[in-house]
Amino acid sequence: MVPKTWRALRLNTTHRCWLLLAALLLLHVNLWQLWLARGDVAQGCDVFSHLNHQLQFSDALAELLREPSLDKARGLISAPDIAPAKWPRLTYLVSSVGAALVGRDTRATVLFTNTVFSLVLLLSLFSLGRRLMGARAALLGCALFTLFPYTAHFANSYGLDYPLTAMVTLSWAALLRTRGFRSRRGSILFALALALTLLTKIQGILFLVGPMVFAAMAGLRLERGRAKGELRVVPLNLALCGAMAAIILSALLPGNPGTYLATFLYHTGASGLPATMIREQFSWQSLLFYPVTLALGVSPWVLILAIAGLSRRETPGRGFLLVALVTPLLIFTLLISTKWQRFLLPAAPLLALAAADLLLRIKGPRARAALVSCVLLLGAAQLGVMMFHKNLYSRLQERLGAAGLTTTNAFAHPPVADNYHEQVAEVVTLLRQRSGASSHLNVSILEDPAVGAGAGVLLQYMIRLHHQGRPLSVQLSGQRP
């Protein structure tokens with residue numbers, strides 16, 4: 001007999017799932033701390049550009065809170081000296097909250113920001129998976145996603161693509177709540193999620209346009225049985241959703257439609273993109289780039305399981321999943337000449353769900369448990385190897401990159417130790433001594449391609465990070481004096 005006290009403490013399936021999700025997040029936050037403690041964030045011009053813009057945004061926000069004014073508020077949203085108009089600023093806002101709570105240190109900024117978005121991502125992925133496939137498949141999908149090489153790299157770096165993955169997943173989960181835009185409340189929630197996604201990175205619309213059309217068509221099909229003069233709910237909810245999102249975005253997006261169209265044309269190779277950064281649209285390297293990248297990013301066995309699951313007509317939510325995966329894959333493969341691994345990162349959660357559902361549909365409890373355990377152990381071993389050794393993945397990716405099938409800067413590698421912070425702190429001390437009693441410190445850095453892409457941005461960020469107490473101007477120069 002179980003005592004009444006213990007019976008009262010028993011948890012239902014939903015509560016157990018939430019506890020396991022919390023444990024999963026806590027485990028990975030500690031793993032990320034260990035990763036970041038062994039080296040700095042991932043290298044790259046974009047990483048340090050975003051960190052630099054985040055510091056500028058944080059300083060502007062602090063000034064606005066000290067002396068509120070409408071002009072400063074507008075500048076915080078759209079001033080080009082904080083960040084280019086093509087980059088919305090929701091991620092910088094989250095990081096600024098982290099800077100106020102845990103300090104401005106690079107590792108603390110990365111850890112706080114990505115922990116917040118990981119929480120949003122896991123909760124949204126669980127909600128999405130539970131509505132499509134049930135709680136067990138949703139929980140297994142969350143576990144698989146956290147073991148991906150994609151996740152291990154981008155959750156330990158700083159940028160807009162990992163936060164975008166969280167917000168796109170949130171929008172997918174909210175879209176299911178609209179019930180084909182037949183629910184007024186669900187449509188309002190989706191409008192808010194859509195606005196937050198586009199305030200994270202405007203490319204999020206490429207992952208949502210297909211599912212939005214799919215959901216609207218499903219809702220309209222269900223309305224066919226209504227009387228001829230009866231009020232049509234779906235068009236009204238679509239109009240309400242679009243109007244709400246447009247109002248929010250018009251107030252908070254830093255750019256205008258022309259800015260984002262120019263950015264899209266730039267990445268298609270139609271406007272100003274260097275030839276070395278693009279591939280021929282219909283070459284075999286271009287067509288295979290993202291399949292190869294996804295195989296490396298989610299691991300080959302998970303990709304095979306996901307494809308096998310999506311090929312089954314019995315897979316719950318198969319139509320939604322296929323539209324949500326195939327639409328951005330076609331856009332990025334056929335329309336956008338620039339090929340980067342991170343562009344399809346938001347597709348990874350759906351692949352995790354598709355693989356999880358297939359695993360749980362294997363007949364025979366012993367075979368099912370053995371295969372699930374094997375996949376999870378492989379993922380955990382892969383993650384451990386990535387953290388401590390240059391592994392087969394990174395070598396394989398370098399070979400595939402040399403063949404033009406993926407980018408050569410492998411993301412499946414251990415963190416690289418450096419002493420940037422210590423050296424830049426000494427440089428800033430010398431600059432302060434040199435500037436003497438001057439109230440303003442001016443630093444001009446030459447961006448020399450011979451040093452390496454992003455070296456000037458890295459120095460610009462770190463000087464701004466370590467310099468405190470006086471006004472600072474750090475500028476990049478593209479030419480030698």
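Treat the numbers as computed from the prediction; the structure is a model and nothing was measured. Numbering starts at 1 and runs along the sequence shown.
- Using a 4.5 Å heavy-atom cutoff, the side chains of L132 and D357 are not in contact.
- Taking the side chain as every heavy atom from C-beta outward, R177 and S127 approach each other to under 4.5 Å.
- The side-chain heavy atoms of T293 and F343, taken from C-beta on, include no pair separated by under 4.5 Å.
- At least one side-chain heavy atom of F320 sits under 4.5 Å from a side-chain heavy atom of L175.
- Going from atom OG of S69 over to atom CD of E67 covers 8.0 Å, rounded to the nearest 0.5 Å.
- Minimum heavy-atom separation, A355 to L305: CB-CB, 3.8 Å.
- Between Y92 and S58 there is no side-chain heavy-atom pair separated by less than 4.5 Å.
- The nearest pair of heavy atoms linking A245 to A191 is CB-O, 4.1 Å.
- No side-chain donor from either of S183 and T178 sits under 3.5 Å from a side-chain acceptor of the other.
- Between L61 and S96 the shortest side-chain heavy-atom distance falls below 4.5 Å.
- Residues that satisfy the side chain to side chain donor-acceptor pair (under 3.5 Å) test with T113, not counting sequence neighbours, are S95.
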Residues 321-330, side-chain donor-acceptor partners within the protein, below 3.5 Å, at least two apart:
{"from": "T327", "atom 1": "OG1", "to": "V323", "atom 2": "O", "distance (Å)": "2.8"}

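- Rounding to the nearest 0.5 angstrom, the gap separating the CZ atom in F117 from the OG1 atom in T165 is 10.5 Å.
- Between G204 and V168 the shortest heavy-atom distance is CA-CG2, 4.2 Å.
- Taking every heavy atom of both residues into account, G297 and P149 meet most closely at O-CD, 3.2 Å.
- N114 contributes atom CG, which lies 12.5 Å from atom CG of L119 (distance to the nearest 0.5 angstrom).
- Shown here are the salt bridge (charged side-chain N to carboxylate O under 4.0 Å, His left out) partners of R131, two or more places apart in sequence or in another chain: there are none.
- Contact between P291 and L288 at its shortest, heavy atoms only, is CD-O, 3.4 Å.
- Put simply, CG on D59 and CD on Q54 are 8.5 Å apart, with the number rounded to the nearest 0.5 Å.
- Between atom CE of residue M217 and atom CG of residue L222 there is a gap of 12.0 Å, rounded to the nearest 0.5 Å.
- One N or O on the side chain of T197 and one on the backbone of A193 form a donor-acceptor pair closer than 3.5 Å.
- In this structure a side-chain-to-backbone donor-acceptor pair under 3.5 Å is present from T315 to G309.
- For residues 64-91, the pairs satisfying ring pair (Phe, Tyr, Trp, His ring centres under 6.0 Å) are H50-W87, H53-W87, with sequence neighbours left out.
- Evaluation of the side chain to side chain donor-acceptor pair (under 3.5 Å) rule for T169 yields no partner, not counting sequence neighbours.
- The side chain to side chain donor-acceptor pair (under 3.5 Å) test applied to R318 returns no partner, not counting sequence neighbours.
- Residue pairs meeting the side-chain hydrogen bond (donor to acceptor under 3.5 Å, both in side chains) criterion with at least one member in residues 233-248, sequence neighbours excluded: R184-N237.
- Partners of V120 according to the side chain to side chain contact (heavy atoms under 4.5 Å, CB included) rule, which considers only residues two or more places apart in sequence or in another chain, are S124, A166, M167, L170.
- With sequence neighbours excluded, the residues that form a side chain to side chain contact (heavy atoms under 4.5 Å, CB included) with L122 are L21, L25, C142, T146.
- Although no hydrogens or angles enter the test, the distance criterion places no donor-acceptor pair under 3.5 Å between the side chain of S157 and the main chain of H153.
- With sequence neighbours excluded, the residues satisfying side chain to side chain contact (heavy atoms under 4.5 Å, CB included) with L206 are I331, F332, I336.
- Residues satisfying the side chain to side chain contact (heavy atoms under 4.5 Å, CB included) criterion with V234, sequence neighbours excluded, are F181, R182, L220, E223, L238.
- Each salt bridge (Lys or Arg N to Asp or Glu O under 4.0 Å) pair with one or both residues in residues 143-165, not counting sequence neighbours, appears once here: D161-K201, D161-R342.
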Between T91 and Y162, does a side chain to side chain donor-acceptor pair (under 3.5 Å) hold up when you go through it step by step? CA-CA 10 Å; T91 303; Y162 189 74; over 6 Å; no
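- Rounded to the nearest 0.5 angstrom, L344 CG and F289 CZ are separated by 9.0 Å.
- Across A251 and I77, no two heavy atoms sit closer than the pair O-CD1, 3.8 Å.
- Side-chain contact between I248 and L198 is absent, with no heavy-atom pair separated by less than 4.5 Å.
- A donor-acceptor contact shorter than 3.5 Å is absent between the side chain of T333 and the backbone of L287.
- When side chains are defined from C-beta on, W172 does not count as touching L125, because their heavy atoms never get closer than 4.5 Å.
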Steps toward side-chain contact (heavy atoms from CB on, under 4.5 Å) verdict (M244, F190): CA-CA 10 Å; M244 284 189 61; F190 174 69; over 6 Å; no
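- Of the possible donor and acceptor atoms, none in the side chain of R89 sits under 3.5 Å from a partner among the backbone N and O of P254.
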